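Start at 1 with the first residue, then count along the sequence. Just the heavy atoms: all of them, side chains too, but no hydrogens, waters or symmetry mates, feed the values below. Whatever order the structure lists them in is the order used to number ligands and atoms, beginning at 1. From a predicted model like this one, the values you see are computed outputs, not experimental measurements.
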Amino acid sequence: MCGIVGYVGKRDSQNILIEGLKKLEYRGYDSAGLAVFTSDGLQITKSMGRLVNLENVLADAPLAGFIGIGHTRWATHGKPSDVNSHPHTDNSKKFSVVHNGIIENYMSLKEELAASGHVFVSETDTEVISHLIASLYEGDIVKAVQKAITRMTGAFALGVLTEYEPDKLVAVRFFSPLIIGVGEGENFIGSDIPAILDYTRNVYILNDGEMAVLTKDGVELMTLEGNFISRELFHVDWDIVTAEKAGFDHFMLKEIYEQPKAYRDTMGSRIDPSGKRIVMNELKMTDEYIHRIQQIHIVACGTAYHAGMVGKSIIEKLARIPVETDVASEYRYRSPIITPNTLVVVVSQSGETADTLAALREAKRCGARVVAITNVVGSSVAREADDVIVTWAGPEIAVASTKAYTSQLIAFYLFGLYLAQTLGTQDEAYIADVVTELKLLPDKVEQILQHAEIIKEWAEQISTHDNLFFIGRGIDYAVVLEGSLKLKEISYIHSEAYPSGELKHGTLALIEEGIPVIALATQPELFEKTVSNIKEVKARGAYVFGIHTLGETELVKAVDQVLEIPQTIPLLSPALSVVPLQLLAYYASLARGNDVDKPRNLAKSVTVE
Ligand code: F6R
């Protein structure tokens with residue numbers, strides 16, 4: 001996700017901005033840029049790709065000056081490119097803006113400004129802000145920014161410079177984080193504390209709806225209406241690595257806790273204001289095409305494949321279209337039957353997985369339409385698919401995927417509901433009920449996270465074992481597959497996930513005294529059968545940890561230890577039930593002293609077949 005750094009002081013700003021942006025690299029980005037007030041006026045240099053590209057350009061043509069803003073962009077509006085990178089400017093090139101967040105009404109503002117002669121060069125919402133501020137400027141940059149904000153809707157953090165007032169840096173926070181660093185004869189802004197931690201540990205944390213005006217000699221804090229605010233400085237006493245992890249010991253744990261936000265962001269404006277229907281403006285497929293779909297293939301790897309298995313249940317249940325799931329590395333070698341009425345859904349957090357990309361190309365070669373569910377705008381998968389559903393999970397740094405997986409589930413719920421409402425396979429009242437429940441999921445995840453201590457104890461118990469089993473029926477089976485993968489990849493404990501009813505066809509031979517079995521039971525219509533299967537393993541000496549939906553008391557009696565999770569519509573339960581399994585893997589890895597975020601032999605983005 002995007003990063004902001006700003007500096008005003010007595011030192012060369014270019015290096016401070018670049019070093020600050022390096023501290024934000026972990027957030028993920030696809031381009032970077034700086035604007036500095038130099039002896040030739042406000043100068044902007046931007047470059048697509050890694051920061052080193054920008055550094056190379058600056059090595060040949062440095063930006064010398066004592067005030068500047070910098071940005072790393074994670075593409076939202078418009079593909080990654082030099083021109084779409086920040087900072088943006090207006091036609092006079094006297095104003096410059098960096099921005100994190102989204103301006104929801106940027107199209108109407110753009111049309112209005114274009115009608116009065118403004119010419120835009122990029123596809124971004126941010127460029128509109130620089131033109132808007134320029135159009136409202138009457139000799140006071142603070143007032144111009146305040147007026148501009150009254151015209152903007154959405155969420156944003158801004159850093160603004162103008163050549164007309166070259167000693168001032170204006171910063172705004174409106175539902176997108178921004179902090180102010182306070183130094184001696186120099187001051188800073190940053191979208192996250194690590195950006196400025198090399199220079200000062202004294203910060204003001206801006207609240208939503210507040211702004212700051214920085215000069216080298218001081219910082220003024222005020223509301224967006226211009227009322228001055230006085231605030232205590234906050235002294236940062238963590239080191240940079242901790243700060244990047246926002247106080248969590250590992251990125252994986254941080255990302256597990258970020259899931260409620262990822263759910264909300266992925267649902268975002270895709271639920272219409274009535275709260276009863278799904279809006280998927282990003283899809284280019286027509287209703288007529290949707291009516292023609294005869295089958296869907298969901299293709300992905302690893303965790304994304306497991307999301308696809310849940311996706312199959314969702315789409316079949318809601319849209320009544322037959323769905324097949326395929327591991328991407330197998331897909332093109334099995335001569336899949338693809339017709340013009342086959343829709344292929346590829347799922348990839350990174351959007352760069354070579355196996356998934358190869359499957360996508362095979363599907364397109366055979367004439368299928370391809371929808372990508374991905375977390376990275378502008379990734380190869382996103383560029384090559386016909387339609388893209390972006391999951392707004394934010395950058396995922398831990399190798400073990402957590403929030404990307406659950407955001408993929410949310411994307412499948414939205415897509416399944418959208419297909420159902422287009423095809424009329426579910427009545428409006430049912431769709432409205434599912435949407436209502438969907439919106440409650442983030443709070444319910446938060447409730448589960450409050451029970452992390454129980455899972456930690458379970459993890460400590462299982463961490464001494466070398467083998468264990470996960471069981472579940474129906475959609476729970478897809479979830480335990482993911483729980484088992486998570487445990488394997490970071491704890492290195494061997495585990496197998498089985499449909500509960502399948503054990504007796506062979507695997508039951510492996511159940512012996514004391515072996516841990518994790519049983520998931522969230523589906524009311526399969527509940528009694530699952531309890532019977534639990535009894536089968538208990539009778540052979542297994543020690544059973546049961547995870548079930550609140551209110552199902554029979555399971556409590558059947559297992560050795562139990563965790564209750566909040567109730568929801570059974571179809572939505574994977575978005576809740578996977579969370580304790582993620583925590584189980586995390587704490588088991590921790591108990592075994594493993595490198596949780598960087599497990600052996602694995603990479604975050606697998607770009608080889
Ligand atoms: C496991 C994990 C992997 C990925 C797989 C696909 O935690 O992260 O199994 O899910 O390598 O990666 P993407 O989603 O980037 O295509």
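- Residue T402 places every heavy atom at 4.0 Å or more from ligand 1.
- When each of Q349, K403, H306 is tested with Q408 by the rule side chain to side chain contact (heavy atoms under 4.5 Å, CB included), just one qualifies, namely Q349.
- Contact atoms of ligand 1 toward V399: 7 (O), 8 (O) (distance under 4.0 Å to a heavy atom of the residue).
- Annotation: atom 15 (O) of ligand 1 to nearest protein heavy atom, S350 OG, 2.6 Å.
- Closest protein heavy atom to atom 11 (O) of ligand 1: V606 CG2, 4.1 Å.
- The aromatic rings of Y331 and H297 sit perpendicular, their planes meeting at an angle over 60°, well past the 30° parallel limit.
- The distance from ligand 1 to the heavy atoms of S348 drops below 4.0 Å at these ligand atoms: 13 (P), 14 (O), 15 (O), 16 (O).
- With 3.5 Å as the limit, one finds no donor-acceptor pair spanning the side chains of Y587 and E457.
- Listed by atom number, the atoms of ligand 1 under 4.0 Å from A304 heavy atoms are 10 (O), 14 (O).
- Atoms of ligand 1 lying under 4.0 Å from any heavy atom of S401, numbered from 1 in the order shown and given with element: 7 (O), 8 (O).
- In the model, T402 has no side-chain atom that pairs as donor or acceptor with a side-chain atom of Q582 under 3.5 Å.
- In the vicinity of K486, heavy-atom distances shorter than 4.0 Å reach the ligand 1 atoms 1 (C), 7 (O).
- Ring-plane geometry between H86 and H71 is classed as parallel, the angle between the planes falling under 30 degrees on a 0 to 90 degree scale with a further cut at 60.
- Heavy atoms of E352 stay at 4.0 angstrom or farther from ligand 1.
- Counting only heavy atoms of the protein, atom 14 (O) of ligand 1 lies nearest to Q349 N, 2.6 Å.
- Of the protein's heavy atoms, C301 O, 3.6 Å lies nearest to atom 5 (C) of ligand 1.
- Interatomic distance, S47 OG to D82 CG, rounded to the nearest 0.5 Å: 5.0 Å.
- If you check which protein heavy atom lies closest to atom 2 (C) of ligand 1, you get T303 OG1, 3.7 Å.
- Of the possible donor and acceptor atoms, none in the side chain of Q295 sits under 3.5 Å from a partner among the backbone N and O of E324.
- S484 and S495 are linked by a side-chain donor-acceptor pair at a separation below 3.5 angstrom, with hydrogens and angles left out of the test.
- A salt bridge does not link E362 to R334: none of the charged nitrogens lies less than 4.0 Å from a carboxylate oxygen.
- Short contacts between ligand 1 and A400, defined as distances under 4.0 Å to a heavy atom of the residue, involve ligand atoms 7 (O).
- Looking only at protein heavy atoms, the nearest one to atom 7 (O) of ligand 1 is E489 OE2, 2.4 Å.
- Ranked by closest heavy atom to atom 13 (P) of ligand 1, the top entry among V376, T353, I373 is T353.
- Checking T507 against Y498 by side-chain atom types alone, a donor-acceptor pair falls below 3.5 Å.
- Counting the atoms of ligand 1 from 1 in the order shown, those under 4.0 Å from a heavy atom of G302 are 9 (O).
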